[in-house]
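See structure below.
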Number of protein chains: 2
Amino acid sequence: MKHAASSLNQILTALADPTRRAILHRLSTADARVTEIARPFRMSLNAVSKHIRVLERARLVRRRRAGREHFLSFNPAPLNDATAWMEGQRALWSARLNALDAMLQAEDRASFDSKTKGSMR
Amino acid sequence: MKHAASSLNQILTALADPTRRAILHRLSTADARVTEIARPFRMSLNAVSKHIRVLERARLVRRRRAGREHFLSFNPAPLNDATAWMEGQRALWSARLNALDAMLQAEDRASFDSKTKGSMR
DNA sequence: TTCATATTCAACCGTTAGGTTGAATATTAT
DNA sequence: ATAATATTCAACCTAACGGTTGAATATGAA
């Protein structure tokens, strides 16, 4: 897998913008056309159109054309890639904590041994 | 919670850069100093220092100073915020699918009823 | 004290990102 | 055929991003 990093880049940069997250949120409850999606925003239709393209590039949004109107739909699959990466980090992190914990427990055992040995004449 | 969006912004923009993800990956297995972190990269120390600041702003990295050296550590907590948002989208999405499914099943039942009723003279 | 090391600050530079406006294109409605 | 609608394309602007270099600061070592 050589494209994993670059696709992760696209997914995460797509998600990093609040407007795009709002669009995605909207689409996760119902499909919608470009104009419908743009309406609630205070920016131009063109600006929203650009945001949608970014989401498409990240494969978070799919487009189905029907005449002059384009229906957009949410595709949750790429979110798995993102969460997978995060889970990976957390896994490394907890592995490290477990190792540290084991080490400390071993130390405790050693200190207990030495104490009992000392007090046990 | 009014700062949630802006902190999500910071977290996701921090994660959206591959250099920063590499730094985080490195830190999730062991703490390290700035110079240590910078060494494997082909960019200047200053560039890495900047990346670290972005990660700090997102609270994904903590800094502990000891004399002239700064020890950095990974803080996984903000990843929860990010995954929580994604899980939210997926939840909406599957709710929607469930609703659609229920609707289709109801339709099937109706069509079955009308068929049996029709054949039942 | 002097020198070396660890790190940031400050200024700059090229590229990209997010936004605007205006025109182009394609489709539907009158 | 004409007009209205839905959407993108193209050019442009500004601010932010990722990077560089050079100097500043603070601490540790000789």
Side-chain angles (χ1 to χ4, degrees), chain A residues 5-27 30-74 78 82, chain B residues 5-27 30-74 78 82:
Chain A
S6 121
S7 101
L8 238 195
N9 286 352
Q10 292 180 330
I11 294 165
L12 289 170
T13 51
L15 294 177
D17 182 279
T19 303
R20 288 193 290 264
R21 283 201 304 278
I23 293 175
L24 229 56
H25 186 265
R26 163 78 147 92
L27 285 176
D31 293 4
R33 291 176 307 124
V34 175
T35 318
E36 292 170 353
I37 291 175
R39 191 158 31 232
F41 293 100
R42 269 156 59 275
M43 70 190 70
S44 76
L45 173 64
N46 274 7
V48 173
S49 175
K50 278 188 180 182
H51 280 300
I52 292 171
R53 277 219 319 189
V54 175
L55 290 168
E56 273 187 291
R57 213 183 20 162
R59 306 216 160 27
L60 284 161
V61 158
R62 295 238 186 74
R63 184 185 303 249
R64 166 179 55 95
R65 277 187 75 160
R68 62 181 163 179
E69 45 208 347
H70 301 197
F71 285 91
L72 289 319
S73 65
F74 174 51
Chain B
S6 122
S7 102
L8 240 193
N9 285 353
Q10 294 181 329
I11 295 165
L12 289 170
T13 51
L15 294 177
D17 183 278
T19 304
R20 287 192 291 263
R21 282 201 303 278
I23 293 174
L24 228 55
H25 186 267
R26 162 78 147 90
L27 285 177
D31 293 4
R33 291 177 307 123
V34 174
T35 317
E36 291 169 353
I37 290 176
R39 190 157 34 233
F41 293 100
R42 270 161 51 280
M43 71 190 71
S44 76
L45 173 65
N46 274 5
V48 174
S49 174
K50 278 188 181 184
H51 281 301
I52 291 171
R53 277 218 320 184
V54 174
L55 290 167
E56 273 186 292
R57 212 183 19 161
R59 310 222 159 19
L60 284 160
V61 160
R62 295 240 185 72
R63 184 185 302 249
R64 165 178 55 95
R65 279 187 74 159
R68 60 180 165 181
E69 45 208 350
H70 300 197
F71 285 92
L72 307 183
S73 64
F74 174 49

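The shown structure was predicted, so the numbers you read here are calculated from the model rather than taken from an experiment. Just so it is clear: chains get the letters A, B, ... in the order the sequence lines come, proteins before strands, and each one is counted from 1.
For M43(A) and dT21(C), the CE to C1' distance is 16 Å, given to the nearest whole Å. The CZ-C1' distance, from F71(B) to dT27(D), rounds to 13 Å in whole Å.
Among residue pairs with one or both ends in residues 37-57 of chain B, those qualifying as salt bridge (charged side-chain N to carboxylate O under 4.0 Å, His left out) are E56(B)-R63(B); sequence neighbours excluded. For residues 8-21 of chain B, there are no salt bridge (charged side-chain N to carboxylate O under 4.0 Å, His left out) pairs, not counting sequence neighbours. Among residue pairs with one or both ends in residues 42-73 of chain A, none qualify as ring pair (Phe, Tyr, Trp, His ring centres under 6.0 Å); sequence neighbours excluded.
Nearest heavy atoms, L8(B) versus A82(B): CD2-CA, 3.9 Å. Contact between P78(A) and A58(A) at its shortest, heavy atoms only, is CG-O, 3.5 Å.
By the side-chain contact (heavy atoms from CB on, under 4.5 Å) test, A30(A) pairs with no residue at all, sequence neighbours left out. The side-chain contact (heavy atoms from CB on, under 4.5 Å) check on A16(A) picks up L12(B), T13(B), with sequence neighbours excluded. Taking the side-chain contact (heavy atoms from CB on, under 4.5 Å) definition, one finds that A22(A) meets it with F41(A), sequence neighbours left out. Listed by chain and number, the residues in a side-chain contact (heavy atoms from CB on, under 4.5 Å) with R68(A) amount to none (sequence neighbours excluded). Under the rule for a side chain to side chain donor-acceptor pair (under 3.5 Å), the partners of D31(B) that lie at least two apart in sequence or sit in another chain are R96(A).
Looking at heavy atoms from C-beta onward, L27(B) lies out of side-chain contact with L60(B) at the 4.5 angstrom threshold.
The base of dG18(D) does not come close enough to the side chain of N46(B) for any donor and acceptor atom to sit less than 3.5 Å apart. Scanning atom types as modelled, no donor and acceptor separated by under 3.5 angstrom connect the side chain of R68(A) and the base of dT7(D).
Note on H70(B): a side-chain N or O is less than 4.0 Å away from OP1 or OP2 of dT8(C). Considering only side-chain N and O atoms, S44(B) lies nowhere under 4.0 angstrom from the phosphate OP1 or OP2 of dG19(D).
The stretch residues 11-19 of chain A touches DNA chain C through D17(A), each having a heavy atom within less than 4.0 Å of the strand. Using a 4.0 Å cutoff on non-hydrogen atoms, no part of residues 32-40 of chain A comes near DNA chain C. Contact check of residues 47-65 of chain A against DNA chain C (heavy atom, cut-off under 4.0 Å) returns A47(A), K50(A), H51(A).
Mapping L45(B) and E69(A) onto DNA chain C by nearest heavy atom places L45(B) closer to the 5' end of the strand.
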